[in-house]
Number of protein chains: 2
Amino acid sequence: MATLKDVARLAGVSVKTVSNVVNGYSFVKPDNRRRVEEALEATGYRPNLGARNLRRGRTGFIALVLPELSIPYFAELAGLVITAAQEHEWNVLIEQTFGTLAGERAALASLGPHLVDAAILSPEALLVDDFQLSVPAVLLGEHAVDVPISRVGIDNVAAARTAVRHLISLGRTRIAAIGAHPHRGTAALRLEGYRTALAEASLPFSGDLVVPALNYHRADGAAAMRSLLDMPTPPDAVFCFNDLLAIGAMRTAAERSLRVPGDLAVVGFDNNEESVYSSPSLTSVAPDKGAIARAAVDLLHRRVESPDDALEDVETPFSLLVRESTVAG
Amino acid sequence: MATLKDVARLAGVSVKTVSNVVNGYSFVKPDNRRRVEEALEATGYRPNLGARNLRRGRTGFIALVLPELSIPYFAELAGLVITAAQEHEWNVLIEQTFGTLAGERAALASLGPHLVDAAILSPEALLVDDFQLSVPAVLLGEHAVDVPISRVGIDNVAAARTAVRHLISLGRTRIAAIGAHPHRGTAALRLEGYRTALAEASLPFSGDLVVPALNYHRADGAAAMRSLLDMPTPPDAVFCFNDLLAIGAMRTAAERSLRVPGDLAVVGFDNNEESVYSSPSLTSVAPDKGAIARAAVDLLHRRVESPDDALEDVETPFSLLVRESTVAG
DNA sequence: ATGAAAGCGCTAACAA
DNA sequence: TTGTTAGCGCTTTCAT
């Protein structure tokens with residue numbers, strides 16, 4: 001692998017001149033420039049990012065800390081973050097936490113400034129005292145605790161409210177919610193939106209219809225739905241806090257020979273690709289994942305450039321995509 | 001951020017001694033060791049990986065080049081590769097190619113030895129002359145062209161044959177295949193397995209029943225299935241070259257009010273999580289993704305240690321998971 | 001406009 | 001056993 005020095009020797013100039021050409025700096029005598037460019041070409045020179053970053057005091061990487069790539073929402077998001085990061089010449093380092101406190105602590109601990117320039121965090125279990133980050137960071141989703149860190153996300157209360165109002169507009173009156181969680185910020189807000197929508201329609205709130213989920217996988221949704229269907233008076237609609245829960249819930253409904261949406265209307269959250277092709281297809285709250293990814297990366301870039309700027313809280317848009325699980329096709 | 005020198009000064013020893021302690025080298029006088037460890041603790045020292053790797057001539061990263069993270073198979077695989085890489089103290093850099101030749105070329109071009117120590121490639125469009133890699137690499141899947149590079153994958157012919165034999169054992173006689181592709185190695189092999197199974201059962205092979213798919217997304221499967229159902233004599237079973245195609249095909253079947261598996265049996269390939277919860281759940285060929293990820297990373301590690309070893313071709317196991325799309329639950 | 005040289009933080013060859 | 005030091009490849013003063 002050719003180094004700057006090799007190129008300099010070949011071109012008969014100093015490394016400084018070559019460096020100037022490579023980085024597009026200042027004025028270089030046309031003649032020298034030409035010679036350098038030829039040498040660059042001849043050697044196939046490619047800068048050693050490690051060395052450059054060591055010198056510049058940056059790493060060229062940002063971390064993306066998320067629960068699991070096998071969760072479609074995070075996989076899609078990760079792809080978008082990678083694309084967005086390329087525009088700032090950042091490479092993305094993905095760390096999986098598997099949604100555990102230990103996993104999140106381990107990920108954060110490995111995030112020294114020598115490894116990454118900044119970090120995008122999607123924590124599920126993190127406590128406030130863990131946020132001793134040494135690099136600029138942005139939170140995706142919600143603050144589970146009150147911590148001084150920028151955030152990018154949607155208005156979860158409004159989104160949940162929109163979803164539940166849709167169910168109410170369909171004439172449903174026993175509307176369940178799946179996904180309550182002891183310490184996830186998003187869960188609390190979506191529950192709040194659910195309650196708000198019910199109250200606005202003067203529908204009673206019943207704790208029985210709110211089913212917790214310790215994880216947000218398909219299996220959890222299936223289990224939650226079973227418990228709902230075992231009730232003396234099962235719900236006629238269910239709002240799930242993510243699409244995976246909804247897919248699981250629909251699976252249970254199918255196993256019990258319930259018609260969706262006839263007997264049970266189902267709304268999810270996240271708008272996974274998968275939900276477009278399920279049978280029935282799933283009505284879902286669709287955050288603009290591209291906007292989230294871009295906003296997070298841009299925010300981080302701003303912060304790395306000027307670390308003393310005020311914290312930001314970026315709200316990205318969402319929409320409700322109505323499909324067969326609430327309105328028969 | 002504390003450096004080795006800071007620690008050395010605090011402990012009253014030389015950097016060498018600190019380095020020895022940090023790296024677990026040779027013998028260090030117990031007294032010094034204690035002092036160093038205290039200083040390490042006090043300063044919260046964390047090695048600068050960039051500097052270490054610059055010195056060691058390695059980067060601490062491997063690249064994972066794949067089409068798209070939004071494809072569940074690759075998302076799951078990526079998660080497993082990240083986990084496997086951790087055991088060798090490697091971080092994983094994910095590059096998306098979006099399945100295009102340009103994307104794959106761009107990804108490969110960015111893979112200098114200064115960026116990554118090795119690369120895992122999952123190409124779809126790559127031509128032979130593009131394989132001018134400067135780092136050890138391993139191919140996931142199949143050689144589309146005859147190129148000297150190690151490979152990890154399953155026996156695609158045998159896997160496809162197993163899938164189709166299963167359909168035949170169910171008494172199906174008009175078995176279609178979705179996913180033929182002009183230059184994907186896996187497609188060719190799965191098609192071969194399909195033909196072999198038909199031949200073994202003395203079933204006629206009909207080109208009409210083989211539908212190409214330019215991409216392997218759900219939409220492509222849905223479209224392919226529509227074309228099959230528009231035939232005068234539609235198939236009674238279909239073998240899809242991946243689960244997404246199968247999910248799309250089942251969606252089309254549902255839209256046409258066909259019963260699966262009654263009117264149409266469906267088999268997929270990859271065993272996505274999604275396929276366990278679809279209605280009906282999907283019978284699928286299940287590669288051992290964990291084994292693939294581990295084998296690829298281990299192979300790369302071996303190769304980085306001893307670059308002159310012979311190329312390897314690692315075959316990982318697979319199984320057929322029978323679910324409702326072929327055998328009613 | 002360009003060259004010489006220091007130094008980013010680390011490891012390892014060489015000395016002691 | 002430990003210290004001194006060169007140098008990985010690069011950027012960037014400071015001279016010139």
Side-chain angles (χ1 to χ4, degrees), chain A residues 1-40 43-61 89 91 110 112-117 134-135, chain B residues 1-40 43-61 89 91 112-117 134-135 304:
Chain A
M1 208 57 190
T3 72
L4 263 196
K5 213 185 344 191
D6 298 331
V7 178
R9 195 178 320 115
L10 185 61
V13 299
S14 78
V15 285
K16 178 61 170 37
T17 304
V18 181
S19 175
N20 282 342
V21 171
V22 169
N23 294 291
Y25 284 165
S26 54
F27 287 57
V28 178
K29 208 158 33 180
D31 187 47
N32 277 342
R33 174 178 299 276
R34 192 185 42 71
R35 301 237 303 285
V36 169
E37 278 164 354
E38 280 170 13
L40 246 20
T43 55
Y45 173 79
R46 314 258 297 132
N48 180 320
L49 277 333
R52 168 179 291 176
N53 292 331
L54 174 60
R55 180 61 234 229
R56 284 188 178 160
R58 44 164 310 203
T59 71
F61 287 90
E89 299 192 297
N91 278 115
S110 76
H114 40 73
L115 226 208
V116 297
D117 298 327
S134 41
V135 294
Chain B
M1 209 58 189
T3 72
L4 264 195
K5 209 168 21 174
D6 297 331
V7 179
R9 195 180 318 115
L10 185 60
V13 297
S14 77
V15 286
K16 179 61 169 39
T17 304
V18 182
S19 176
N20 282 342
V21 171
V22 169
N23 293 289
Y25 285 165
S26 56
F27 286 58
V28 177
K29 210 159 32 180
D31 188 48
N32 277 342
R33 174 178 299 276
R34 192 186 42 74
R35 299 237 301 285
V36 169
E37 277 165 352
E38 280 172 14
L40 248 20
T43 54
Y45 172 79
R46 313 258 298 133
N48 179 321
L49 276 335
R52 169 180 290 175
N53 292 330
L54 173 59
R55 180 60 234 224
R56 283 189 178 158
R58 44 169 310 214
T59 69
F61 287 91
E89 300 191 297
N91 278 115
H114 41 72
L115 225 208
V116 296
D117 298 327
S134 41
V135 295
V304 167

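Computed from a predicted model, the values in this text were never measured in an experiment. Just so it is clear: chains get the letters A, B, ... in the order the sequence lines come, proteins before strands, and each one is counted from 1.
Backbone-only contact: A:V13 has heavy atoms under 4.0 Å from sugar-phosphate atoms and none from a base.
Between B:R56 and B:V18, the residue anchored closer to the 5' end of DNA chain D is B:V18, taking for each the nucleotide with the nearest heavy atom.
Note that the CZ atom of B:R34 and the CD atom of B:E38 stand 5.0 Å from one another [nearest 0.5 Å].
Each end of the helix from C:dA1-D:dT16 to C:dA16-D:dT1 yields a helix axis from five base pairs, and these two axes differ in direction by 40° (to the nearest 10 degrees).
Panel note: side chain A:N91, backbone A:F61; no donor-acceptor pair is recorded below 3.5 Å. Here the side chain of A:S19 pairs no donor or acceptor atom with the backbone of A:V15 at under 3.5 angstrom.
Across the protein-nucleic acid pair, B:R58 atom CZ and C:dG9 atom C1' stand 16 Å apart, rounded to whole Å. Residue B:K16 contributes atom NZ, which lies 16 Å from atom P of D:dA6 at whole-angstrom precision. One can place CG of B:L4 at 16 Å from C1' of D:dA6, the figure rounded to the nearest angstrom. Remark: P of C:dG9 and CZ of B:R9 are 12 Å apart, rounded to the nearest angstrom. One interatomic measurement links the two molecules: NZ of A:K5 to P of D:dA6, which rounds to 14 Å at whole-angstrom precision. Per the geometry, CZ belonging to A:R55 stands 9 Å off C1' belonging to D:dT13, to the nearest Å. Across the protein-nucleic acid pair, A:R35 atom CZ and C:dT2 atom C1' stand 12 Å apart, rounded to whole Å. Counting to the nearest Å, the C1' atom of C:dC8 and the CG atom of A:L54 are 4 Å from each other.
Using a 4.0 Å cut-off, no side-chain N or O of B:S14 falls inside it from OP1 or OP2 of D:dT2. For D:dT11, one of the phosphate oxygens OP1 or OP2 lies less than 4.0 angstrom from a side-chain nitrogen or oxygen of A:N23. Of the side-chain N and O atoms in B:T17, none sit less than 4.0 angstrom from OP1 or OP2 of D:dT1. Look at A:T3 and you won't find any side-chain N or O under 4.0 angstrom from OP1 or OP2 of D:dG9.
Within a heavy-atom distance below 4.0 Å of DNA chain D, the residues of residues 43-53 of chain A found are A:Y45, A:P47, A:N48, A:A51, A:R52.
For the pair A:N32 and A:V21, the minimum side-chain heavy-atom distance is 4.5 Å or more. Annotation: side chain of B:L49 is not in contact with side chain of A:T59 (no heavy-atom distance under 4.5 Å). The closest side-chain heavy-atom distance from A:R52 to A:N23 is below 4.5 Å. In this structure, the side chains of A:T17 and A:V36 come closer than 4.5 Å at one or more pairs of heavy atoms.
The nearest pair of heavy atoms linking B:R58 to B:E89 is NH2-O, 4.2 Å. Minimum interatomic distance between B:Y45 and B:V22 (heavy atoms only, all atoms of both residues): CE2-CG2, 4.1 Å.
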